[in-house]
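Beneath this line is the structure, given in structure tokens, with notes to follow.
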Amino acid sequence: MRFAYIIEDDPRFVKEIAEVIRGNIDKEMQIRVFASLEQFANWIKMAMLDGAAAVPHGGQAPPGFASPNIESNEGHEIALFISKIEFIGKSHIGLLQKTKKLFLDKNICKPDRPTGFVLTAFEQAEGRYRDFETEIINNIICKPFDKLILQQHLQNAIDGRKPLSQFFITNQKVDADIEMLKEVRIEGYSDIGFISKGNREIAPGSHGKYYGNFFATDRKKYCYGKVLSCQPDPQKQGEYFITITFMGLAPDQLSKVRQGRLKKDAAKLPFDWTKLRSNPSLMTRPGQFVIIEDDEPNALIVEEALKKRFKQNTVVRYPTLMEFLIDLDPKLADAPPEKSAGKPFSCGPDMEFIFDPLGNLVTGFNTEIKDPFTAFGVKDSDWKIRQNWFGTALGVAQKEKWKEWLRQPSIGTEFMIKNGEVPYYFKPVSVVKESNRIIVKMAELSPTEILDYLLKNSRLPHAVDALFVSQRYFQGEEYEAKWIDIIDRLNKRGQEKVQGHMARAFILTNKDFPDLEMRKLGAIVADIFVKPVDRAYLMQKMRSYFPELAIVGDPVQFETVSAPQIIKASNPVKMTEISEASTIIRYPRLIPVGEFREFMLFEGQRTDIPELLAQCNFVQEAEDKDYECQFIFYAVTDHFAKSVRIWIRDNYIDSKKKSS
């Protein structure tokens with residue numbers, strides 16, 4: 001006969017447990033209650049002598065659950081052991097191990113059907129029982145009991161480490177990600193990142209999501225980080241110092257980090273962030289930067305900071321991505337430049353212009369055409385009242401080029417003039433200078449000549465170090481491939497001039513990217529700066545990424561504080577089932593049964609999602625060589641269960657929307 005032993009001195013909880021066992025799990029199971037640990041210890045002495053025959057004589061049947069006379073024989077077993085946590089305590093974990101061994105040795109339970117050990121407890125303020133995370137304990141069930149959760153977890157404990165036999169709580173089939181959390185030891189932090197210690201080498205450029213108190217705010221509990229360097233610990237073999245820089249840190253999070261760093265009792269940690277990536281062969285070279293941003297105030301913040309602090313630098317600003325792409329490679333533009341260019345002359349491939357003696361004003365045209373015509377998109381009738389339009393529309397650089405050409409005309413010199421947003425490409429093919437006028441014959445450029453002109457006149461620096469780009473150019477289905485190609489092209493250009501050169505892209509944003517987008521962007525960009533861009537933070541990041549660039553004025557300051565603590569790193573894993581009691585995930589490596597893991601459900605910007613502690617209950621190899629791991633949620637609280645229910649509901653609604 002199977003028994004459940006309960007060590008509990010509150011009759012209310014005894015009654016609830018007994019009703020669930022006899023009413024919902026096994027109506028034949030016998031229940032015995034011990035009012036104290038001492039009573040149970042006295043029974044243990046009997047069990048050491050009599051073995052399974054002592055099982056019917058332990059404790060008392062609770063009121064209303066009397067059992068018939070049971071013979072003392074060897075056929076009895078204890079299927080379930082339940083105790084209030086106050087009776088066990090941290091100091092008695094060892095006694096549970098001995099009790100489990102005694103049950104096996106004395107045939108009180110079977111090796112293939114061991115006793116399930118469960119503790120009951122009131123919810124702790126910190127929400128978990130770290131001292132009781134042990135394979136011996138199947139679960140901790142929180143008081144006051146939720147009947148279904150109590151029922152499910154008692155059944156799970158009886159089943160043992162194998163696939164669950166019954167589901168009292170519906171498991172929802174899902175195809176979603178869940179975050180598996182891992183503890184990370186950090187040694188200290190600065191405004192731009194933190195230094196961790198680990199026993200595994202991590203490749204620079206790797207990126208991930210982290211949870212930590214020193215950067216968490218009421219609005220956002222996590223941040224993303226990118227590995228800057230991973231170096232062996234010279235004093236401890238097999239250990240590594242890993243330097244991780246923040247990625248997309250919000251302004252309020254940066255303030256929180258600075259507040260912690262500036263505390264009076266914060267001990268300084270000697271650490272040089274500028275020595276992580278230095279290449280002596282590149283030291284003190286001028287920096288070359290590109291900004292693609294139509295947000296004028298924020299573009300100016302970045303431009304002015306770069307110009308002020310880097311020596312002999314080049315900063316080129318483009319208001320649109322299209323203009324940048326044309327300078328990088330005209331063929332990359334969504335609309336080919338030769339097709340988007342306007343036809344200079346409506347009446348044919350060329351036209352003669354009559355200028356004043358200085359070449360500034362257009363006084364007429366040398367043509368016999370009687371019908372209305374346009375030149376550079378301007379009507380012939382308008383030229384009479386807009387004689388200075390040509391010089392104005394050329395712009396500063398092209399106008400200087402035109403003046404130089406007038407001083408020393410050379411056939412084949414190419415020009416570009418804009419009417420609004422429409423460019424027109426042309427070249428003078430003949431010139432006649434008279435006393436009171438200059439006659440210039442203009443011809444349109446062919447498509448091939450236009451492409452050659454654009455490449456020859458590109459403003460783009462040859463070896464771009466940092467590329468600052470508006471968030472609006474990182475959207476759509478194909479942006480990943482586009483930006484990987486752009487950065488690859490910049491690297492090839494740069495390496496023609498500077499050996500080992502590497503271009504890095506940075507996003508300028510005023511929004512939070514969702515988790516899926518952050519994981520994509522982490523593989524493409526070096527960092528994400530949230531507007532308004534903090535100048536000091538920007539320069540610290542630039543120095544950490546480009547320590548070889550020559551600086552103007554005082555060194556950029558990096559103050560690192562010693563702050564040993566544990567934070568959490570997130571690893572997204574595929575989830576196939578979930579309920580308030582358990583989940584099933586796919587994982588590429590075997591997770592030993594009995595081990596604990598923490599999980600977090602993806603919930604956008606919600607900050608009230610608890611960490612879900614769970615114990616691996618069963619593992620089997622999946623068809624695709626991954627492992628299918630069943631986890632039982634551990635010490636489930638009301639808040640914990642409610643959060644899971646909300647997630648299941650929202651995920652179901654989202655999946656229906658996607659399928660409709």
Side-chain angles (χ1 to χ4, degrees), residues 286 288 307 312-319 323-324 326-328 330 337-338 340-369 373-462 497:
Q288 300 188 82
K307 285 182 174 179
Q312 301 175 339
N313 65 79
T314 301
V315 182
V316 179
R317 183 143 61 93
Y318 296 92
E323 292 180 58
F324 164 77
I326 289 173
D327 272 2
L328 175 61
E338 70 274 17
S340 61
K343 183 174 175 56
F345 319 114
S346 64
C347 56
D350 54 45
M351 177 171 279
E352 284 192 352
F353 284 68
I354 301 174
F355 290 89
D356 72 336
L358 298 176
N360 293 328
L361 305 177
V362 176
T363 59
F365 297 91
N366 213 4
T367 178
E368 296 180 356
I369 298 173
F373 63 85
T374 61
F376 306 128
V378 179
K379 295 178 182 179
D380 57 341
S381 57
D382 290 341
W383 278 103
K384 296 174 183 178
I385 57 175
R386 299 176 65 184
Q387 293 182 342
N388 66 341
W389 180 89
F390 180 81
T392 304
L394 277 174
V396 176
Q398 292 281 297
K399 190 171 183 179
E400 287 300 317
K401 184 179 176 183
W402 173 251
K403 288 180 179 179
E404 181 63 31
W405 182 85
L406 286 172
R407 284 192 291 270
Q408 191 172 357
S410 58
I411 303 305
T413 302
E414 297 163 335
F415 292 88
M416 186 273 288
I417 192 170
K418 267 192 169 186
N419 189 343
E421 293 299 314
V422 180
Y424 298 87
Y425 300 91
F426 66 96
K427 60 184 177 183
V429 293
S430 68
V431 58
V432 177
K433 290 187 177 182
E434 299 177 357
S435 60
N436 62 344
R437 64 180 186 172
I438 301 173
I439 302 172
V440 182
K441 187 176 184 178
M442 312 281 202
E444 64 185 24
L445 298 190
S446 69
T448 302
E449 287 175 321
I450 291 174
L451 293 179
D452 290 341
Y453 170 85
L454 291 170
L455 288 172
K456 284 188 294 186
N457 291 275
S458 171
R459 295 189 297 144
L460 189 66
H462 212 90
K497 296 288 184 181

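The basis for the numbers below is simple: all heavy atoms, side chains too, and nothing from hydrogens, waters or symmetry mates. Residue numbers count from 1 along this sequence.
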Quick one: are Leu455 and Pro330 in side-chain contact, heavy atoms under 4.5 Å?
-> yes
Partners of Phe365 by ring pair (Phe, Tyr, Trp, His ring centres under 6.0 Å), sequence neighbours excluded?
-> Phe353, Phe373, Trp383
Do Trp402 side-chain atoms and Phe415 backbone N/O form a donor-acceptor pair below 3.5 Å?
-> no
Count the heavy atoms of every other residue, nucleotide or ligand shown that sit under 6.0 Å from NZ of Lys384, and state whether that count exceeds 12.
-> no
Give me the ring orientation class for Phe345 and Phe376: parallel if the planes are under 30° apart, tilted from 30 to 60°, perpendicular past 60°.
-> tilted
Are Phe355 and Leu406 side-chain neighbours, meaning at least one heavy-atom pair lies under 4.5 Å?
-> no
Ring pair (Phe, Tyr, Trp, His ring centres under 6.0 Å) involving Tyr453 - partner list, sequence neighbours excluded = Tyr425
Applying side-chain contact (heavy atoms from CB on, under 4.5 Å), run through Glu352 and Thr367 and close with a yes or a no.
-> CA-CA 7 Å; Glu352 284 192 352; Thr367 178; over 6 Å; no
One should read off an interatomic distance between Asp380 CG and Cys347 SG, to the nearest 0.5 angstrom, of 9.5 Å
Hey, could you give me the CD1/NZ distance between Ile417 and Lys399, rounded to the nearest 0.5 Å?
-> 10.5 Å
Could you grab the distance from atom CG of Asn360 to atom OG1 of Thr392, nearest 0.5 Å is fine?
-> 9.5 Å
Distance, nearest 0.5 Å, that separates CH2 of Trp389 from CG of Leu394 = 8.0 Å
salt_bridge(Lys401, Glu404) N-O dist < 4.0 Å | no
Atom CG of Leu445 and atom CE of Met416: how far apart are they, to the nearest 0.5 Å?
-> 11.0 Å
Partner of Lys427 under salt bridge (charged side-chain N to carboxylate O under 4.0 Å, His left out), picked from Glu449, Glu414, Glu444, is Glu449
So NZ of Lys379 and CZ of Arg386: to nearest 0.5 Å the spacing works out to 11.0 Å
Per-pair distances, 0.1 Å, donor-acceptor, side chain in residues 434-442, under 3.5 Å, sequence neighbours excluded:
residue : atom : partner : partner atom : Å
Glu434  : OE1  : Arg437  : NE           : 2.8

Closest heavy-atom contact between Lys343 and Gly348?
-> NZ-O, 3.8 Å
